[in-house]
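Throughout, a chain's letter reflects where its sequence line sits, starting with A, and its residues are numbered from 1. Computed over heavy atoms, backbone and side chain alike; hydrogens, waters and symmetry mates excluded.
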Amino acid sequence: MAEVLVLAELDPTGDGVRKTTLEALTAARALGEPAAVVTGAPGSAAKVREKLAEYGAASVYVAESPELDDYLVAPKAELLARLVAETSPAAVVIPSSAEGKEVAARLALKTGSGFLTDVTEIAADGTATQVAFAGATVVHAKVTTGTPIYTLRGNSVTAELAPAAGEEKPVEVVVSEEARKTRVLDRVVEQKSSRPELTEASIVVSGGRGVASAENFSIIEGLADSLGAAVGASRAAVDSGFYPHTFQVGQTGKTVSPQLYIAVGISGAIQHRAGMQTSKTIVAVNKDPEAPIFELADFGVVGDLNTVVPEATKKIIARKG
Amino acid sequence: MNIVVLVKQVPDSGSERKLDPADNTVARAGADNVINEMDEYAIEEALVVKEAHGGEVTILTVGPDSAADAIRKALSMGADRAVHVTDEAMHGSCAVQTSAVLAAALQQMDYDLILCGAESTDGQVSVMPALLAERLGIPQLSGARKLTIDDGVAKVERQTDGGFWALEAPLPAIVSTWDTINEPRYPSFKGIMAAKKKPVETKTLADLGIDPSTVGLASATSQVLDFSGRPPKGEGVKVADEGDGADKLVEYLASQKIV
Ligand SMILES: Cc1cc2nc3c(=O)[nH]c(=O)nc-3n(C[C@H](O)[C@H](O)[C@H](O)COP(=O)(O)OP(=O)(O)OC[C@H]3O[C@@H](n4cnc5c(N)ncnc54)[C@H](O)[C@@H]3O)c2cc1C
Ligand SMILES: Nc1ncnc2c1ncn2[C@@H]1O[C@H](COP(=O)(O)O)[C@@H](O)[C@H]1O
């Protein structure tokens with residue numbers, strides 16, 4: 001069976017892989033035998049090899065060098081291009097982060113291939129599903145040139161165990177002069193949160209302008225914590241300074257696709273929908289019965305968030321005992 | 001400092017957008033076409049850089065004739081001139097092909113800095129800066145929430161989950177901007193009047209030395225096979241809070257086995 005290269009995305013601590021990588025390994029199985037590619041500082045692969053094998057990686061290409069992280073995007077694209085030339089894979093699957101899409105783009109040019117971004121499903125014949133226009137349109141598309149390259153949107157495929165050998169294959173790292181153009185001087189974490197990562201969480205509770213103040217966002221955080229959820233915000237809430245931009249959901253923020261999305265004090269503008277419309281279940285709390293968010297909601301409460309949400313939080317905590 | 005800003009015209013993200021059933025491409029006829037909102041931040045940043053370092057701001061657009069409206073808007077904000085690449089043969093081009101056309105146009109221009117938006121709101125792919133950096137062999141500084149230029153070196157804070165990456169590269173470089181980088185100015189009346197007299201140069205594929213058979217739907221590197229509206233969600237339940245809103249909400253969550 002032909003190999004499918006899957007670029008592993010390590011979590012920022014470097015101690016594990018992100019869930020999106022396991023999802024990518026799962027999606028890749030439709031096309032062939034997954035082979036993970038781990039890039040990073042020396043020692044990276046040892047920490048994640050077992051996990052990658054559990055989720056189907058027959059091989060793990062190990063490309064370790066401190067240099068891979070010193071420059072933006074280009075070294076990874078270069079490395080993948082070399083692997084594509086050497087191993088002639090059936091396809092390449094990459095988690096759909098900002099960096100993942102850029103690696104895919106550069107790899108496409110280097111290998112003379114087409115690429116599809118933010119796919120939600122890959123069929124055995126290579127046809128990919130994408131959602132366009134704020135989630136309102138479902139598209140089927142296919143790469144017609146070269147080695148198909150896909151970036152897979154987080155949370156659209158459920159990661160499934162499929163134990164495989166995970167055989168380590170060292171890859172020599174050469175970073176060309178060409179790829180050393182943009183230096184990464186520092187990676188700064190400004191908001192550390194004990195909550196799940198927004199794009200990976202299975203439940204997201206978001207607040208909008210209706211929350212009315214930064215202090216009042218504690219209502220949103222309270223509900224989120226009672227459910228083990230991530231916190232999100234609309235752009236109006238971010239622009240009003242209620243919550244940091246990192247947590248913005250929507251067209252110019254994060255795209256989330258959790259099992260449950262709870263929109264509190266959010267009207268449901270098209271740009272907000274763009275980031276949450278594919279959530280499995282949508283719940284809304286809004287005092288305006290005409291708010292467009294109710295058109296999407298599986299369950300809606302017309303009421304004042306200041307009373308409904310804290311009370312619901314108390315009841316959830318009580319139930320959990 | 002010669003600055004080129006890439007500006008795209010897209011169907012308004014606030015209106016209903018469709019694909020054209022005839023060939024599965026974005027339906028532009030009949031749509032409310034506007035300047036890609038994200039590109040206004042790139043234009044603003046270009047004007048800020050020009051104010052600090054001097055030079056000229058040129059708008060570059062690849063798109064149909066109607067994109068002239070987007071160009072006018074950019075010129076009325078304060079850009080100096082524009083290049084509009086338009087050719088029937090480009091209809092239905094994929095990102096790989098569009099990047100070839102943009103790169104060819106850029107190669108005929110004099111630039112120290114290329115600015116573009118972080119994404120186009122019709123495609124939402126955020127790949128153009130990477131594609132152009134690869135084609136032109138220049139550094140990519142994408143996803144900027146802050147840009148400083150000093151002594152021929154560009155420094156960018158690339159917005160990430162929970163923070164930023166500090167990037168640095170020598171000019172010439174391509175920088176894409178997020179909506180956190182600035183507050184785009186509105187065109188003034190004076191600006192709108194002045195824009196009417198600013199030069200807009202139109203180019204075809206032939207002017208760029210591009211073989212028309214290498215672009216457009218027929219030779220795109222990926223193809224849309226079919227599309228459909230997302231199946232409408234079943235009618236949801238909506239309850240009014242009469243003191244029992246929280247109860248009903250928790251009951252619903254319990255019925256979904258969430259609590
Ligand atoms: C280029 C562009 C990109 C954009 N990107 C994004 C994006 O990424 N994400 C995004 O979210 N938006 C985005 N927007 C903005 C978007 O158009 C809306 O302006 C925004 O989503 C509105 O946020 P909101 O629903 O919180 O605020 P509003 O529309 O003001 O809605 C607030 C809601 O709260 C309700 N409310 C008020 N008080 C209470 C109360 N006490 N109890 C219950 N309900 C209450 C009101 O009934 C109302 O429905 C973008 C816009 C543009 C032009
Ligand atoms: N046809 C085009 N003409 C000019 N600029 C473009 C075009 N397509 C994309 N761009 C620029 O590239 C940015 C990113 O676009 P995209 O990769 O399509 O999301 C946009 O914000 C524009 O600045």
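- Interatomic distance, CG of B/Asp12 versus CD1 of A/Ile270, reported as 9.5 Å (0.5 Å rounding).
- Using a 4.5 Å cut-off on side-chain heavy atoms (C-beta onward), A/Val302 and B/Val239 make no contact.
- Within 6.0 Å of the NZ atom in B/Lys238, the count of heavy atoms belonging to other residues, nucleotides or ligands exceeds 12.
- Comparing A/Lys181, A/Glu99, A/Glu197, A/Gln130 by heavy-atom pairs within less than 4.5 Å of chain B, the highest count is held by A/Lys181.
- Electrostatic pairing of A/Glu190 and B/Arg145 counts as a salt bridge here, judged by a charged N lying under 4.0 Å from a carboxylate O.
- For the options A/Val188, A/Val139, A/Leu116, heavy-atom pairs under 4.5 Å to chain B are most numerous at A/Val188.
- Minimum heavy-atom separation, B/Ala246 to A/Lys315: CB-CE, 4.1 Å.
- Although no hydrogens or angles enter the test, the distance criterion places no donor-acceptor pair under 3.5 Å between the side chain of A/Lys142 and the main chain of B/Leu225.
- Interface residue A/Phe294: only side-chain heavy atoms are found under 4.5 Å from chain B.
- Highest contact tally toward chain A, considering only B/Leu19, B/Val26, B/Thr160, B/Val156, is held by B/Leu19 [criterion: heavy-atom pairs under 4.5 Å].
- Nearest heavy-atom pair, A/Ser113 versus B/Val96, reported as atom, atom and distance to 0.1 Å: O-CG2, 4.2 Å.
- B/Tyr252 is listed as a side-chain neighbour of A/Thr281, based on a closest heavy-atom distance under 4.5 Å.
- The shortest non-hydrogen separation linking B/Glu119 to A/Gln251 is OE2-O, 2.9 Å.
- Of all heavy-atom pairs spanning B/Ala130 and A/Arg106, the tightest one is O-CG, 3.7 Å.
- Per-residue heavy-atom pair counts under 4.5 Å with chain A were compared for B/Leu141, B/Val224, B/Val237, B/Val250, and the maximum is reached by B/Val237.
- Using a 4.0 Å cut-off between charged side-chain N and carboxylate O, A/Arg235 and B/Asp179 make a salt bridge.
- Counting heavy-atom pairs closer than 4.5 Å to chain B, the top residue among A/Gly303, A/Pro310, A/Ala141 is A/Ala141.
- Contact of A/His245 with chain B is made through the side chain alone, with heavy-atom distances under 4.5 Å.
- Minimum interatomic distance between B/Val127 and A/Ala105 (heavy atoms only, all atoms of both residues): CB-CB, 3.8 Å.
- By the 6.0 Å contact criterion, NZ on B/Lys146 is open, its count of non-hydrogen atoms from other residues, nucleotides or ligands being 12 or less.
- Only the side chain of A/Lys254 comes within less than 4.5 Å of a heavy atom in chain B; its backbone stays farther off.
- With respect to B/Glu168 and A/Arg183, no salt bridge is recorded, no charged nitrogen being found less than 4.0 Å from a carboxylate O.
- Nearest heavy atom pair, residue B/Ser222 against residue A/Phe115, reads OG-O, 4.1 Å.
- Counting heavy-atom pairs under 4.5 Å between each of B/Asn24, B/Asp226, B/Asp247 and chain A puts B/Asp226 at the top.
- Not one N or O on the side chain of A/Thr182 forms a donor-acceptor pair closer than 3.5 Å with the backbone of B/Ala169.
- For A/Leu198, no part lies under 4.5 angstrom from a heavy atom of chain B.
- For the pair A/Asp298 and B/Gln256, the minimum side-chain heavy-atom distance is 4.5 Å or more.
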Audit row: A/Arg187, B/Glu157, salt bridge (charged side-chain N to carboxylate O under 4.0 Å, His left out) steps and yes/no: CA-CA 10 Å; A/Arg187 291 181 166 81; B/Glu157 284 185 14; over 6 Å; no
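- With chain B as partner, the option from A/Val308, A/Leu109, A/Val189 having the largest number of non-hydrogen pairs under 4.5 angstrom is A/Leu109.
- Proximity to chain B is absent for every atom of A/Phe247, based on heavy atoms less than 4.5 angstrom apart.
- For the atom pair CD (A/Glu78) and CD (B/Glu134), the distance works out to 8.5 Å, reported to the nearest 0.5 Å.
- B/Thr221 places no side-chain N or O within donor-acceptor distance of the main-chain N or O of A/Val143, the cut-off being under 3.5 Å.
- With a 4.5 Å cut-off on non-hydrogen atoms, A/Val184 touches chain B through its backbone and its side chain both.
- The closest side-chain donor-acceptor pair between B/Ser142 and A/Glu102 falls under 3.5 angstrom.
- Rounding to the nearest 0.5 Å gives a distance of 12.5 Å between CG of A/Asn286 and CG of B/Asp241.
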